[in-house]
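Numbers restart at 1 for each chain; the letters A, B, ... are given by sequence-line order, proteins then strands.
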Number of protein chains: 2
Amino acid sequence: MTHSTLFGDTIRGIRENLRREDRRFSLRQVAQRIGIEPAYLSKIERGEVPPPSEATTVRIAKELDQDPDVFLAMAGKVSGDLQEIIRKRPKLFAELIRQLKEAPDHAILRVVREVRDGDW
Amino acid sequence: MTHSTLFGDTIRGIRENLRREDRRFSLRQVAQRIGIEPAYLSKIERGEVPPPSEATTVRIAKELDQDPDVFLAMAGKVSGDLQEIIRKRPKLFAELIRQLKEAPDHAILRVVREVRDGDW
DNA sequence: CAAAATGTGTTATATATATGACACATGACA
DNA sequence: TGTCATGTGTCATATATATAACACATTTTG
């Protein structure tokens with residue numbers, strides 16, 4: 001069975017770019033630093049297997065100097081620590097997030113800033 | 001293997017309360033309306049199996065007239081539609097949610113209201 | 001008391017998740 | 001030209017997920 005190539009294609013692209021500057025970004029060497037089998041990373045990059053677990057996805061993101069949350073999103077996942085925050089106050093966060101579904105980016109950013117600078 | 005009894009104990013308690021008023025809330029009848037095997041619901045209530053899938057959890061919540069997001073939280077999950085909203089703008093929502101982690105309820109509620117009444 | 005309903009124990013799957021091990025063909029390098 | 005590194009194909013596995021089917025002992029009801 002084949003899978004969405006978004007995740008695989010993206011990491012392959014980023015890795016190959018890095019490799020042009022640095023031979024340490026071969027598939028094999030990256031796999032070793034991440035702590036997975038080269039064959040497995042190859043399959044991930046070609047979309048032959050579904051995106052890996054949260055932990056492995058985060059390690060890939062860090063190795064390629066990318067944002068873990070963005071990589072998790074490409075992998076169809078949401079970070080466990082975010083989920084935990086939501087699960088502690090499910091009604092509140094569910095309402096907030098659904099409320100913000102259609103809000104433009106700048107509106108959400110404004111909220112983020114308000115909260116950061118807020119005095120409570 | 002045994003599992004956290006929070007989910008099971010809670011639904012058993014709610015179901016048994018409902019049953020005092022209405023015989024239709026026997027385990028068997030509830031299971032049939034939900035569309036699962038009575039033996040399976042029995043195991044769920046006793047924590048002999050982990051909480052069921054999102055779909056089944058939501059059907060249980062509705063049958064017992066409870067908030068699906070709260071039931072999903074007890075089941076250790078976050079609603080798929082919330083996850084999808086987050087995955088579409090992972091950086092923005094990740095920052096927002098982590099920012100709100102320690103915020104008191106009333107502060108979050110204020111944000112919800114602001115957004116609802118907001119003009120953009 | 002007979003029939004029906006109830007909750008539970010046991011057994012069995014089917015599918016997905018998340019990899020690892022090993023071998024091989026090709027290409028780069030010294 | 002031999003050695004080394006590279007990417008990939010094939011096979012295997014361990015664990016979790018998410019139930020279903022059936023039988024049985026007990027309780028409730030008419």
Side-chain angles (χ1 to χ4, degrees), chain A residues 1-5 7-9 11-61 63-64 71-72 74-78 80 83, chain B residues 1-5 7-9 11-61 63-64 71-72 74-78 80 83:
Chain A
M1 187 64 70
T2 184
H3 297 274
S4 160
T5 67
F7 184 73
D9 287 349
I11 75 178
R12 171 149 294 192
I14 293 172
R15 186 180 60 74
E16 286 181 342
N17 274 342
L18 287 170
R19 199 195 179 177
R20 267 169 222 139
E21 313 272 285
D22 187 341
R23 299 217 321 296
R24 296 178 63 255
F25 283 92
S26 75
L27 184 148
R28 267 171 190 268
Q29 293 192 38
V30 167
Q32 195 188 344
R33 288 196 295 277
I34 292 172
I36 63 177
E37 288 293 308
Y40 185 41
L41 179 55
S42 172
K43 280 180 261 195
I44 291 169
E45 289 193 350
R46 288 173 295 122
E48 205 192 293
V49 295
S53 67
E54 173 171 348
T56 298
T57 300
V58 169
R59 269 182 276 129
I60 294 174
E63 177 65 30
L64 302 182
F71 265 40
L72 285 171
M74 280 195 307
K77 301 178 201 294
V78 169
Q83 296 200 32
Chain B
M1 186 65 71
T2 184
H3 297 273
S4 161
T5 66
F7 184 74
D9 287 348
I11 73 177
R12 169 148 296 191
I14 293 172
R15 185 179 60 75
E16 286 182 341
N17 274 342
L18 287 169
R19 199 193 181 179
R20 268 170 222 139
E21 313 272 287
D22 187 340
R23 297 209 330 290
R24 295 177 65 253
F25 284 91
S26 75
L27 183 149
R28 268 170 190 267
Q29 292 192 39
V30 167
Q32 194 186 343
R33 286 196 296 276
I34 291 172
I36 63 177
E37 288 293 309
Y40 185 41
L41 180 54
S42 173
K43 279 181 260 197
I44 291 169
E45 290 194 351
R46 286 174 295 121
E48 204 192 294
V49 295
S53 66
E54 174 171 346
T56 298
T57 300
V58 170
R59 268 182 276 130
I60 293 174
E63 176 66 30
L64 303 182
F71 265 40
L72 285 171
M74 281 195 306
K77 300 177 201 296
V78 169
Q83 296 201 32

Q: OP1 or OP2 of D:dT6 versus the side-chain N and O atoms of A:Gln29: is any pair under 4.0 Å?
A: yes

Q: In terms of side-chain heavy atoms of A:Lys77, which of C:dA18, C:dT6, D:dT8 is nearest?
A: C:dA18

Q: Tell me whether B:Glu16 at atom CD has more than 12 heavy atoms from other residues, nucleotides or ligands lying less than 6.0 Å away.
A: yes

Q: Where is the tightest heavy-atom contact between A:Arg12 and A:Arg46, given as atom of each residue plus distance?
A: NH1-CG, 4.0 Å

Q: Might you point out which heavy atoms bring B:Phe7 and B:Phe71 nearest each other, and give the distance in Å?
A: CE1-O, 3.7 Å

Q: Looking at every non-hydrogen atom in both residues, tell me the closest pair between A:Ala75 and A:Pro51 and how far apart they are.
A: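 Closest approach of A:Ala75 to A:Pro51, heavy atoms only: CB-CB, 3.6 Å.
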
Q: Specify the closest pair of heavy atoms between B:Pro52 and B:Thr57, including all atoms of both residues, with the distance to one decimal.
A: O-OG1, 3.2 Å

Q: Rounded to whole angstroms, how far apart are CD on B:Glu54 and C1' on D:dT17?
A: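 These atoms are roughly 14 Å apart.
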
Q: Dot-bracket for DNA chain C, please, read 5' to 3', with Watson-Crick or G-U wobble pairs under 3.5 Å on both distances, ( ) within the strand, [ ] crossing, | other strand, . unpaired.
A: ||||||||||||||||||||||||||||||

Q: From the options D:dA21, C:dT10, C:dT8, select the nucleotide whose nearest atom is closest to the side chain of B:Pro38.
A: C:dT8

Q: Can you tell me the distance, in whole Å, between the CD1 atom of A:Ile60 and the C1' atom of C:dT19?
A: 12 Å

Q: Rounded to the nearest angstrom, tell me the gap between atom OH in B:Tyr40 and atom P in D:dT17.
A: 11 Å

Q: Between C:dA18 and A:Thr56, is there an OP1 or OP2 to side-chain N/O distance shorter than 4.0 Å?
A: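 Negative; the distance criterion is not met.
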
Q: Check whether B:Phe25 forms a cation-pi arrangement with B:Arg33 (NZ or CZ under 6.0 Å from the six-membered ring centre, at most 45° off the ring normal).
A: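 Yes, a cation-pi geometry.
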
Q: Taking side chain as C-beta onward, heavy atoms only, is B:Ile34 less than 4.5 Å from B:Tyr40?
A: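 Answer no - side chains too far apart.
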
Q: May I ask you to say what B:Glu45 touches in the nucleic acid, namely base, sugar-phosphate or nothing, with a heavy-atom cut-off under 4.0 Å?
A: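 B:Glu45: no heavy atom of the nucleic acid under 4.0 Å.
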
Q: Please state how far atom CD in B:Glu37 lies from atom P in C:dT13, giving the value in whole angstrom units.
A: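 About 16 Å, once rounded to whole Å.
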
Q: Counting C-beta onward and ignoring hydrogens, is there a side-chain heavy-atom pair between B:Ile44 and B:Ile36 closer than 4.5 Å?
A: yes

Q: Provide, to the nearest angstrom, the distance between the CG atom belonging to B:Leu41 and the P atom belonging to C:dT8.
A: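 Rounded to whole Å, this separation is 9 Å.
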
Q: Starting at CD of B:Glu48 and ending at C1' of C:dT11, how long is that distance when rounded to a whole Å?
A: 12 Å

Q: Please give me the minimum heavy-atom distance between A:Gln83 and A:Val78, naming the atom from each residue.
A: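 Closest pair (atom of A:Gln83, atom of A:Val78, distance): NE2-O, 2.9 Å.
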
Q: Establish whether the base of C:dT19 is bridged to the side chain of A:Lys43 by a donor-acceptor pair shorter than 3.5 Å.
A: no

Q: Tell me: CD1 of A:Ile36 to C1' of D:dT8, nearest whole Å?
A: 14 Å

Q: Under 4.0 Å: is that the gap between some side-chain N or O of B:Ser42 and OP1 or OP2 of C:dG9?
A: no

Q: With a 4.0 Å limit, can you tell me whether B:Arg12 has a side-chain N or O closer than that to the phosphate oxygens OP1/OP2 of C:dG7?
A: no

Q: By nearest atom, which of the nucleotides D:dC22, C:dT17, D:dT8 is closest to the A:Leu27 side chain?
A: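 In terms of side-chain proximity for A:Leu27, the closest of D:dC22, C:dT17, D:dT8 is D:dT8.
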
Q: Can you see if the side chain of A:Arg46 gets near the phosphate of D:dG7 - specifically, an N or O under 4.0 Å from OP1 or OP2?
A: no

Q: Contact list please: residues 15-26 of chain B against DNA chain C, heavy atoms, distance less than 4.0 Å, in numerical order.
A: B:Arg15, B:Arg19, B:Ser26

Q: Which whole-number value in Å describes the distance from A:Ile34 CD1 to C:dT19 P?
A: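 Result: 11 Å.
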
Q: Identify the two heavy atoms, one from B:Arg15 and one from B:Val30, that lie closest to each other, and give their separation to 0.1 Å.
A: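 Closest pair (atom of B:Arg15, atom of B:Val30, distance): CD-CG2, 3.9 Å.
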
